[in-house]
Amino acid sequence: MEYDFRKIEQEWQLRWKENKVYKVLNDYAKPKYYVLDMFPYPSGAGLHVGHPLGYIASDIYSRYKRLKGFNVLHPMGYDSFGLPAEQYALETGQHPAVTTQKNIATFRSQLDKIGFSYDWDREVRTSDPGYYKWTQWIFLLIFDSWYNQITNKAERIDSLQIIFESEGNIHHASPGDKALQFSAGQWASFAESRQQEILMHYRLAFSSYGEVNWCEALGTVLANDEVVNGVSERGGYPVEKKKMRQWYLRITDYADRLLEGLDRIEFSDAMKEMQKNWIGRSQGAEMVFAIKGHAQPLGVYTTRPDTIFGVDFMVVAPEHELVPMITTSGQKEEIEKYLAYVKSRSERERLAEVKQITGCFTGAYAINPFNGREIPVCIAEYVLAGYGTGAIMAVPCGDQRDFLFANHFKIPITNIIGDHFNGEEANPTKEAILQHSGFLNGLLMKDAIEVAVNKIEELRIGKRKINYRMRDAGFSRQRYWGEPFPIVWSDGIAIPLGAEELPVELPHVDKYGPGPNGEGPLANMEDWVHLTPNSSPEEKTMAPEDPGNEIKNPLAGPGSPLFWKGGGEVKRETSTMPGYAGSSWYFLRYMDPGNNELFCDRKASDYWGQVDIYIGGTEHAVGNLLYSRLWTKILFDLGYVGHDEPFKKLVNQGMIQGSSRFVYRLNCKLYFGSDEEIAKDSYPLFIIPKSVADKIDNSTIRRQIEQEIEMYFDANFDNSPLRMVRIEGMSPLHIDVNLVDGVELNVEAYKKKQPNVDFLLLEEDGKYICGVETEKMSKSKYNTVNPNDLVDKYGADTFRMYEMFLGPIEQSKPWDTKGIEGVHRFLRKLWRLFYDDQKGKVWTDHKPTDAELKVLHRTIKKIDEDTERFSFNTAVSTFMICVNDLADLKCHKKEILEPLLFLLSPYAPHISAELCSLLGSGISPVGEDAPGSVYPVFNPALLVESFKEYPVSINGKVRTNINIALDITPADVEQIVLQNDIVQKWLEGKAPKKIIYVKNKMVNVVI
RNA sequence: GCCCAUGUGGCGGAAUUGGUAGACGCAGCAGACUCAAAAUCUGCCAUUCGCAAGGAUGUGAAGGUUCGAUUCCUUUCGUGGGCACCA
């Protein structure tokens, strides 16, 4: 009986599907475990071998935990909104919904072949109205919330209204307009539109005019992480700043909690570091400098108040509001010239010329409050309007940019750090003793920071301040293929739709181009955008004549002013939500996917709780992972979930790189002698070996190739038309890796695909060895490998184990198909422990020996340890060692083999299930007959040894091995070791200085 | 520039707490079985000196701590990733 993996895998997959063995119930009595994969964007290219790496790891872990008795949630879905489908629609006219549907079908069929244990009844798709209804719902919830800095959590907006009614905003400054202040009485006197405008500044999801990354070529706004080096990540088009009405999430209010939460979760240091950098917390002080002759002072932010006496000038951002006010008439012309220059420069240019110092003097002078010194105020590009106050106090001896600026404009530098400053570059040290620094003289800079801040606060010219690099997250996109906002606009007021209006379905469009004024494609849908009475039958409920049908927001509670009373022009919001909207909470929907009342029942989220293991790539380090954490914290504050960090532990899978193969095409010109031109098609493109291609510049090699070509024509034409050959060089060409066996090209197969080529100068055996390079896996490089091909050839079990065998899950590594044979051989060898090709059944019911039990229990222990720590590559090795050992022992005993199958089943479920079923005990490691209690338990007693083969070293070098009983005294050990011939030889009659004996490890004799 | 990873045979990698470096697999070499092939099995396989026994060297490089270092410390080089006028 042979190992017929195709038949076995097909049959078991069908059976598992029919019996719904992976169905997961919210069985609140059982201990839970939540294993999550980052759900994929269903691209048109389908899966390549890199995708399943994480999926296989998570599947193994899920199956393992299930066997250990946990109720394991292990779902899968699709992040199916996004730009690529829309781009494709623009190019081909195919509706994104159609292509997405098709791509998902491809993904699903590929996933199914690998034998994953997903509960597909819990599948989510972010582009499904049944799903994005709740994305919209959560958005409305966030819209209806504000961040209370006193209680330090999000609250519903009505609590803020109550506060305003009783005390104004005295204790809650507006995050959008710091200067705004009003009393309770004033609040009551404001018109409703004014009140709404003020509330908007406080909302956690708010709308505001802001500078966005506008990409003309894509006709859309891009997120910061979609802009790379000033051009769009996709397509590389230029990106510029543009003011536009946008939606934002007030993530900055959560900056500190997002930082603090990192201490409570298991992410890699690299990942935490990336998030910390992104948040960019810095501690310092904000203080004001008076400007000579002006009433309004200049506010600056600094992290180094200790350097206050080293301030030689001030720099403000060119966009700073004070610039036109303080510029003197003498400097006006120059300043305007500089402003024009700044404006003319695109983001791209500015980034390309980092560290180039440009700037201009305003003519104004600021006064240092500590020593009364008058210092010039300049403007410069290197000061950013969006960070801090948009102005700095420049300390050239301590900051390199300030130093360069001072040098450039010949501003004298005050040295406050003595020898630490060499006059050639700034030194940002905190270890210097301060000089020329008034009341700070003699203090270590480190210590002076606190002293200076205290003084600043005492003099009431500033206060300590924490700043963040992170900005509020732009939440609207001028795109089609995303969630529509459940918002309508009336007289400039954003009105949330009621829960009963959800989902606001994405209307079908025929054109995917941008709308007028850079709006999204939805703006072209006149009928959809304008909500006037009777404009569309299904919107009847909005008819203003019917007072019972007001658009009300039930989220805002009774008596809320937030509803549309009819009349006036009402327009829908035409932008859509960004890609991260749907992926910020999908892990919650999996817990309760069918719920029509709520996005996820609190009981379900309390049960499943945090994702215990989240597996995915590093590319979402600051996107998905940060926003998911934000949404969870908001939902936690508002009482919708019971935990505030979504992911307990994150495992980053490495990237599988492609291993590209090249052939080298000869570039040559052929001259023909006869008048009759021979058809171009009748002579081929010539391919030369890499060894020849490398030496193409060598004239001897060229001559050799030319002769080769002449011979070719002599052989293929009766009267060779060739008069002359001139070789111009060669070009490496990517060739399909599937035509290559290792590095050897399958010449026949290649010729079938490329009939018009011929190979020159091959070795005698006719082999062609390809060039090799490691690159990103991509279709255009012909280096993708489709898992389907491998599953067809070797089976899913082999494929799963091979992917794990490649190396540590977190490491990036190039794909190499060659080694898969070894894993396949291992599974066949395992099969032969049960069934022999000739003899048939070989397994028996005989009692196992101690040696056999030892092999089994060593394996149990190692597999447990390795699986727990995600060391799947060593686990596969362990299985191989075990099967090798059992084969050596000629062990075919069911009592040993059956537990082994249970150990193996998370890794290779099909063969394990088949062999278990053939053993006939009526228990299975997969599915409905798999009680947790049959998973093998390690018995340490079986591994106890009484002797050990100790390595004995002389001066740290191993010279021999001696078998010594474990229970004897160190003195006896020394005796035995010293009597050993080899040790004697090395001692040369001398007495050892010292003997180190570590029980169960080694013995070292020091001479 | 700053931060984080990482560097071990021809190749992927192992060595979990400082204790026999190279497990397991690929590739390669030699052999068995076979008419032959496939499949399978057996042996060899870091470098170097040596007929061998047995030495010497060896985890990017240089130092250090230690009886003992792939593992810890310092310096340095290479590779990969992230951030980058953030005051």
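Protein chains get the first letters and strands the later ones, always in sequence-line order, with residue 1 at the start of each. On a predicted model such as this, the values are computed, not experimentally measured, just so you know.
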Looking at [N], which nucleotide sits across from it as a Watson-Crick or G-U wobble partner, both distances under 3.5 angstrom, or is there none?
| N | answer |
| --- | --- |
| B:C29 | B:G43 |
| B:A52 | none |
| B:A14 | none |
| B:U6 | B:G78 |
| B:G22 | none |
| B:A69 | none |
| B:A84 | none |

Should the pair [X]-[Y] be classified as a salt bridge under the 4.0 Å nitrogen-to-oxygen rule?
| X | Y | result |
| --- | --- | --- |
| A:Asp816 | A:Lys818 | no |
| A:Glu450 | A:Arg464 | yes |
| A:Glu865 | A:Arg869 | no |
| A:Glu945 | A:Lys854 | yes |
| A:Asp885 | A:Arg858 | yes |
| A:Arg832 | A:Asp836 | no |

Indicate the ring-plane relationship of A:Phe872 and A:Tyr907, choosing parallel, tilted or perpendicular according to the 30° and 60° boundaries.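 Aromatic pair A:Phe872/A:Tyr907 classed perpendicular.
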Atom pair distance, as rounded to whole Å: [atom1] in [X] and [atom2] in [N]:
| X | N | atom1 | atom2 | value |
| --- | --- | --- | --- | --- |
| A:Glu2 | B:A38 | CD | P | 17 Å |
| A:Glu821 | B:A39 | CD | C1' | 12 Å |
| A:Leu298 | B:A87 | CG | C1' | 13 Å |
| A:Tyr950 | B:G68 | OH | C1' | 16 Å |
| A:Asp816 | B:G12 | CG | C1' | 8 Å |
| A:Lys813 | B:C11 | NZ | P | 18 Å |
| A:Trp278 | B:G82 | CH2 | P | 13 Å |

Any base atoms under 4.0 Å from [X], or only sugar-phosphate, or nothing? Heavy atoms, all strands.
| X | value |
| --- | --- |
| A:Lys829 | sugar-phosphate |
| A:Met274 | sugar-phosphate |
| A:Pro814 | nothing |
| A:Arg959 | sugar-phosphate |

Taking the side chain of [X] as heavy atoms from C-beta outward, which of [options] is closest to it?
| X | options | answer |
| --- | --- | --- |
| A:Glu381 | B:A15, B:G55, B:C85 | B:C85 |
| A:Lys985 | B:A39, B:G13, B:G54 | B:G54 |
| A:Met880 | B:C24, B:G12, B:A87 | B:C24 |
| A:Val958 | B:C4, B:C67, B:U20 | B:U20 |
| A:Glu865 | B:C86, B:A39, B:U16 | B:U16 |
| A:Asn1004 | B:A39, B:G68, B:C86 | B:G68 |
| A:Asn873 | B:G13, B:C85, B:C24 | B:G13 |
| A:Ala270 | B:C85, B:U20, B:C4 | B:C4 |
| A:Arg832 | B:C41, B:U16, B:C24 | B:C41 |
| A:Lys818 | B:C67, B:G25, B:C26 | B:C26 |

Is the distance from OP1 or OP2 of [N] to the nearest side-chain N or O of [X] less than 4.0 Å?
| X | N | result |
| --- | --- | --- |
| A:Trp986 | B:G55 | yes |
| A:Gln400 | B:G1 | no |
| A:Arg825 | B:A39 | no |
| A:Ser282 | B:A87 | yes |

